[in-house]
Enquirer: 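My questions all concern the structure below.
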Number of protein chains: 2
Amino acid sequence: MSITIKDIASTLGISPSTVSRALNGHPDISEKTRKSVKDLAKKMNYQVNQMASGLRTKRSFTIGVLVPKIASHFFSSALSGIQEVAVANNYQVLICQTNESQNQERKYVKSLLSAKVDGFLISLAKGQKTITHIKAIVDNKVPLVFFDRISDSFNVPKIEAEDFKGAHRAVTHLIDTGCRKIVHLAGPDNLTASYNRMQGYKQALKDKNIPIDEKLIIPCDFDPENAKKAIHRLMGQNGDIDGIFTVNDELGVEAILTLKSMNIKVPDQVSVVGFGDFPICRIVEPNLTSIRHNPYQIGLEAAQCLFSQINHKNIDGGSRRVIPSELVVRDSSKTK
Amino acid sequence: MSITIKDIASTLGISPSTVSRALNGHPDISEKTRKSVKDLAKKMNYQVNQMASGLRTKRSFTIGVLVPKIASHFFSSALSGIQEVAVANNYQVLICQTNESQNQERKYVKSLLSAKVDGFLISLAKGQKTITHIKAIVDNKVPLVFFDRISDSFNVPKIEAEDFKGAHRAVTHLIDTGCRKIVHLAGPDNLTASYNRMQGYKQALKDKNIPIDEKLIIPCDFDPENAKKAIHRLMGQNGDIDGIFTVNDELGVEAILTLKSMNIKVPDQVSVVGFGDFPICRIVEPNLTSIRHNPYQIGLEAAQCLFSQINHKNIDGGSRRVIPSELVVRDSSKTK
DNA sequence: GCAAACACTTCAATCGTTTGAATTAACAAG
DNA sequence: CTTGTTAATTCAAACGATTGAAGTGTTTGC
């Protein structure tokens, strides 16, 4: 059906091994044969069969990426960064969406191991308890890098957003602009990213000598519906809340919309700061102050780190890279 | 390194072929051996080597998907639908982002052909002139389905959004609510989707006996910056514009933001209707009226169509499936 | 003039799985 | 006791590319 190395060999009257070496730039091959082989290959529109080549060389030129959700600003941007690096390395990317399900994640890992991917980039599904499937990757000595949703149970490189510092920065900004009673709409705290943002929130309060009120920390599990309910409840009982810091911009936007629907003025009565600097920050009215944390860069560096392992450049064990973030002040927060 | 069929065979003292047949449920194998093989395989954590198996069977259990951009609501949702179907068929998905570059697209096709994917799902990059790379797919008899960004030059199945009818519906709604001078912020007209939306716009005007003014049709190439400039220009010279229909919601949102910045009241002075029903419709103030067109469903059906080809169920040539859309009226349009 | 060095090229095995055909064993039929 | 049938298993050749080792000539050195 499709052209093979043998077809080229036989039409040229030479052996397949010579063709292979010619195409791969082996120095043993004379300039003359190399040229004729390459010319014919191009003319016949030859493409190596990656399965055959991979079987022999034990390299699939494919990496597997696991993300909880493709349709999100953070992950689709990170995927762009990953793709960029993969292309530069002549690699392909198998993208799998776990839908936050551990079971799905386990299946994908199995199937990617079977596909003999040369490496894994994983952002874990939330609610991780049993992570034996991750162990299978490590046991098979397949390179692995965690990004964003990481686990400390494994000695592999990790690329993270600047969650603690970013959150700290956000909350310090709220305090500096006069907020004293600050709510945190939090994520699932078994995710390091959410956990670290919460810690950043707490530390910022401590640093300014504001007591931490656990009742003001509301786990919302990334669901805007929960954010809405929490705000309705809190604003009813606590008239003096003057700031909200949300674990991501989706909840931040929801917070603004909910407050507006309750006729509470943002930022005059309540300031809101999100996390992520998603495009929606500039759409919501008032524009949402947020922490920019470059998901594209996170994907890019995660992929670079993976390829440095794949290419045996260096195997840095549980190294940890934190991608810097910055505060972007917009209209949802202002000095009171 | 990793467990092979031979390892199982030798520990069990049987031949590799028996192991292979046992694992694949071949009827020739006795219940007894089948069980012992399967048990041992599970115990040793055996995973077939897809490269070896694929080389022999000429099936990679992988499909390739080409999209212009991953980080967009439309495509990431479509990808979710595709993934869903792929998983159900025990397939993997190689996702490639062409970044609207034909050159990148060409490279990806080459590389996916080399990876011997069993099928292609393609949403073309804009500005298609030379599509010889697509011909290579057809020539290699690899199943292919176009979705959303389609080309009529090939006799392959196509899955589209209801572009013409949806646009027609949107513009009819504008006219019905009293708009007479309606601007269309259009996409690149070499994309069937944009082209059809423009045609829907025109037809709706015709149907209501409103003359088409070509000066009110502004190609924006999906770039919000162009939308902003166009609105500034048009609203300056044409005081009587009372409606805007945009090729997608991103431009619709930009239109609202621009009009607001010019102190033009939406919807009182100018109504705006977008296309896509992206989540941002409910964030922008006023909420954007739009056409809902279910990208998840488009991805799903495109994948289903591809798999029916892969599994030789039916090879429906240039069939065309249009996924229904619906008008979602929000606050950016109202009866004047 | 013979061996050694060199430049290419081919041979043949291999990667792990699949599969048509051959083999073996067990048993029934004549 | 031979033959035929069936069931279960093994043999061996693929699939297409890669690669160490062996094989060609040709040239160089002494």
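Fair warning: this is a prediction, and the values are worked out from it, not measured in the lab. Letters A, B, ... mirror the listed sequences (proteins, then strands); counts begin at 1.
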Enquirer: Is any side-chain N or O of B:S53 closer than 4.0 Å to OP1 or OP2 of C:dT17?
Expert: no
Enquirer: Please name the residue in the list A:E105, A:K107, A:Q102 that meets the side-chain hydrogen bond (donor to acceptor under 3.5 Å, both in side chains) test with A:H133.
Expert: A:E105
Enquirer: Show, in sequence, the C-alpha distance, side-chain angles and deciding distance for A:I122 and A:I137, and conclude whether the side chain to side chain contact (heavy atoms under 4.5 Å, CB included) test is met.
Expert: CA-CA 11 Å; A:I122 300 187; A:I137 299 174; 3.8 Å; yes
Enquirer: Checking side chain to side chain contact (heavy atoms under 4.5 Å, CB included) for the pair A:I63/A:V93: CA distance, chi angles, key distance, verdict?
Expert: CA-CA 5 Å; A:I63 60 169; A:V93 185; 4.3 Å; yes
Enquirer: For C:dT17 and B:S20 - does any side-chain N or O of the residue sit under 4.0 Å from the phosphate oxygens OP1/OP2?
Expert: no
Enquirer: If only side-chain N and O atoms of B:S17 are considered, is one of them under 4.0 Å from the OP1 or OP2 phosphate oxygen of C:dT19?
Expert: no
Enquirer: Please check the phosphate of D:dT10 (OP1 and OP2 only) for any side-chain N or O of B:T18 closer than 4.0 Å.
Expert: yes
Enquirer: Thinking salt bridges, do B:K35 and B:D39 make one under a 4.0 Å N-O criterion?
Expert: yes
Enquirer: Among residues 3-14 of chain B, which ones have heavy-atom contacts with DNA chain C below 4.0 Å?
Expert: B:T4, B:I5, B:K6
Enquirer: Using a 4.0 Å cut-off on heavy atoms, which residues in residues 23-36 of chain A reach DNA chain D? List them by number, or say none.
Expert: A:N24
Enquirer: Could you please spell out the steps behind the side chain to side chain contact (heavy atoms under 4.5 Å, CB included) verdict for B:I134 and B:S151?
Expert: CA-CA 10 Å; B:I134 305 294; B:S151 159; over 6 Å; no
Enquirer: Rounded to whole angstrom units, what separation is found between the CZ atom of B:R56 and the P atom of C:dT17?
Expert: 13 Å
Enquirer: What's the CG-P distance between B:L55 and D:dA13, to the nearest Å?
Expert: 17 Å
Enquirer: Counting only side-chain nitrogens and oxygens, does A:K116 get under 4.0 Å of the OP1 or OP2 atom of C:dG16?
Expert: no
Enquirer: Closer than 4.0 angstrom, basic N to acidic O: yes or no for A:E160 and A:R320?
Expert: yes
Enquirer: What integer distance in Å separates B:M51:CE from D:dT18:P?
Expert: 12 Å
Enquirer: How about CZ on A:F154, more than 12 heavy atoms from neighbouring residues, nucleotides or ligands closer than 6.0 Å, or not?
Expert: yes
Enquirer: Below 4.0 angstrom from OP1 or OP2 of D:dT18, is there any side-chain N or O of A:K58?
Expert: no
Enquirer: Does anything in residues 40-49 of chain A come within less than 4.0 Å of DNA chain D? Heavy atoms only, and list the residues if so.
Expert: A:Y46, A:V48, A:N49
Enquirer: Would you please test B:R21 and B:V37 for side chain to side chain contact (heavy atoms under 4.5 Å, CB included) and show each step?
Expert: CA-CA 10 Å; B:R21 282 191 246 254; B:V37 167; over 6 Å; no
Enquirer: How about OH on A:Y296, more than 12 heavy atoms from neighbouring residues, nucleotides or ligands closer than 6.0 Å, or not?
Expert: yes
Enquirer: Rounded to the nearest 0.5 Å, how far apart are CZ of B:R34 and CG of B:L23?
Expert: 10.0 Å
Enquirer: Under the criterion side chain to side chain donor-acceptor pair (under 3.5 Å), I'd like the reasoning laid out for A:S2 against A:Q47: C-alpha separation, chi angles, the key distance, then a yes or no.
Expert: CA-CA 9 Å; A:S2 64; A:Q47 287 293 132; over 6 Å; no
Enquirer: Any donor-acceptor pair, under 3.5 Å, between the side chain of B:R21 and the base of D:dT10, if you only look at N and O atoms?
Expert: yes
